[in-house]
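Take a look at the structure set out below.
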Amino acid sequence: MSKDFVKGLTVADGLNGSGLRVLIVHTRWNLPIVEPLVQGAVNTMKSLGVSESDIVIRQVPGSFELPFATQTLLASAKAAGRPFDAAIPIGVLIKGSTMHFEYIADAASHGIMRVGLEAGIPVIFGLLTCLTEDQALERAGVGKGASKGHNHGEDWGMGAVEMSLLAKKGA
Ligand SMILES: Nc1c(NC[C@H](O)[C@H](O)[C@H](O)CO)[nH]c(=O)[nH]c1=O
Ligand SMILES: CC(=O)[C@@H](O)COP(=O)(O)O
């Protein structure tokens with residue numbers, strides 16, 4: 001790894017997402033930050049060949065609801081003969097003055113992991129767990145500073161394509 005390596009996700013080469021079907025479930029909590037994250041994921045998946053008609057977007061109140069909604073929508077799509085190749089639950093947690101943040105972050109992160117493992121479908125961890133609003137804005141690429149930050153939704157979209165192809169290809 002080069003000496004000037006910078007923290008972040010290295011772009012994978014040769015990803016072809018054409019024909020993949022991806023579910024995005026996003027929260028309405030902190031929507032002004034969630035929306036650019038969703039758009040970043042959609043734009044990246046489209047740039048990798050995923051058809052816009054194959055990207056299904058649904059919403060829930062908050063991050064605590066993401067595991068249940070993702071599990072339910074994955075199962076119903078499979079039962080209908082229209083299975084998803086991957087899912088991206090997207091939420092933004094911003095620390096307040098109580099322990100609510102910690103409990104939701106723990107429950108949602110473990111729940112999201114469990115849904116993917118139980119469904120046998122890649123479920124991307126699209127949850128920002130931020131201590132301040134500025135941290136969240138920067139990680140959605142809409143920061144107040146000159147650099148605006150990096151939109152993690154783009155990473156999540158690429159991850160959904162990469163993990164879908166890994167699951168399809170197998171060992
Ligand atoms: N404070 C945040 C929440 N709280 C709401 C919970 O996620 C949940 O919807 C509620 O407890 C009812 O079950 N959600 C976020 O996504 N982000 C927050 O900062
Ligand atoms: C992540 C949360 O639930 C948090 O925004 C709630 O704020 P507070 O802890 O002040 O009730």
Side-chain angles (χ1 to χ4, degrees), residues 7-9 20-46 50 52 54-79 83-164:
K7 171 187 163 196
L9 177 62
L20 295 179
R21 196 161 183 265
V22 181
L23 169 67
I24 292 178
V25 185
H26 72 80
T27 67
R28 283 196 309 283
W29 257 84
N30 301 320
L31 194 59
I33 301 174
V34 166
E35 283 179 330
L37 291 167
V38 171
Q39 200 55 57
V42 169
N43 292 345
T44 298
M45 289 192 286
K46 286 170 63 179
V50 180
E52 189 159 10
D54 285 331
I55 301 172
V56 175
I57 301 176
R58 295 289 182 271
Q59 57 180 260
V60 294
S63 295
F64 191 82
E65 284 74 43
L66 286 172
F68 175 81
T70 305
Q71 183 183 61
T72 298
L73 293 170
L74 286 176
S76 60
K78 184 178 180 180
F84 290 108
D85 295 292
I88 314 175
I90 295 178
V92 174
L93 288 166
I94 300 174
K95 172 72 177 167
S97 54
T98 72
M99 288 289 291
H100 202 219
F101 170 89
E102 284 80 357
Y103 285 101
I104 298 173
D106 185 65
S109 53
H110 287 286
I112 287 166
M113 170 69 82
R114 183 165 58 82
V115 166
L117 293 176
E118 289 180 353
I121 293 172
V123 175
I124 303 301
F125 185 62
L127 194 59
L128 294 186
T129 53
C130 299
L131 300 179
T132 66
E133 185 178 303
D134 283 346
Q135 283 183 355
L137 289 165
E138 287 166 9
R139 286 154 183 78
V142 290
K144 297 172 184 171
S147 76
K148 302 260 185 250
H150 170 68
N151 186 335
H152 286 243
E154 297 170 6
D155 303 339
W156 303 338
M158 183 171 66
V161 171
E162 184 173 353
M163 292 305 292
S164 297

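Computation of the quantities below employed the complete heavy-atom set of this structure, encompassing side-chain atoms and omitting hydrogens, waters and symmetry-equivalent molecules. Order of listing sets the numbers, starting from 1, for every ligand and every atom in it. We number each residue from 1, following the sequence as shown.
Backbone and side-chain nitrogen or oxygen atoms of Ile104 are examined, and none is located within less than 3.5 angstrom of a nitrogen or oxygen of ligand 1. On a distance-only criterion, Pro61 and ligand 1 share no N/O pair closer than 3.5 Å.
Atoms CD1 and CD1, from Ile112 and Ile88 in turn, are 11.5 Å apart once rounded to the nearest 0.5 Å. Rounding to the nearest 0.5 Å places CD1 of Ile90 at 11.5 Å from CD of Glu35. Summarising the geometry, atom CG belonging to Leu37 is positioned 4.5 Å from atom CH2 belonging to Trp156; distances are rounded to the nearest 0.5 Å.
The option with the heavy atom closest to atom 12 (C) of ligand 1, from among Glu65, His100, Lys95, is Glu65.
A 4.5 Å side-chain heavy-atom check between Asn30 and Glu133 finds every atom pair outside the cut-off. Within the 4.5 Å cutoff, the side chain of Thr27 has heavy atoms near those of the Leu66 side chain. Using a 4.5 Å heavy-atom threshold, the side chains of Leu137 and Ile33 count as touching. Residues Asn43 and Glu154 are not in side-chain contact: their nearest non-hydrogen atoms beyond the backbone lie 4.5 Å or more apart.
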**Request:** Give the intermediate values and the outcome of salt bridge (Lys or Arg N to Asp or Glu O under 4.0 Å) for residues Lys144 and Glu138.
**Result:** CA-CA 8 Å; Lys144 297 172 184 171; Glu138 287 166 9; over 6 Å; no
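The atoms of ligand 1 that sit less than 4.0 Å from any heavy atom of Asn30 are 17 (N), 18 (C), 19 (O). For ligand 1, the atoms sitting less than 4.0 Å from at least one non-hydrogen atom of Val92 are 15 (C), 16 (O), 17 (N), 18 (C), 19 (O), numbered in the order shown with element in parentheses.
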Pairs under 3.5 angstrom, nitrogen or oxygen on both sides, ligand 2 versus protein: list them out, please.
from	atom 1	to	atom 2	distance (Å)
ligand 2	3 (O)	His100	ND1	2.6
ligand 2	5 (O)	Ile94	O	3.0
ligand 2	9 (O)	Ser97	N	3.3
ligand 2	9 (O)	Thr98	N	3.0
ligand 2	9 (O)	Thr98	OG1	2.5
ligand 2	10 (O)	Ser97	N	2.8
ligand 2	10 (O)	Ser97	OG	3.2

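Listed for the Arg114 side chain is no donor-acceptor partner under 3.5 Å among the backbone atoms of His110.
In Phe64, the parts holding a heavy atom less than 4.0 Å from any atom of ligand 1 are both the side chain and the backbone.
Looking only at heavy atoms of the protein, atom 15 (C) of ligand 1 is closest to Trp29 CB, 3.5 Å.
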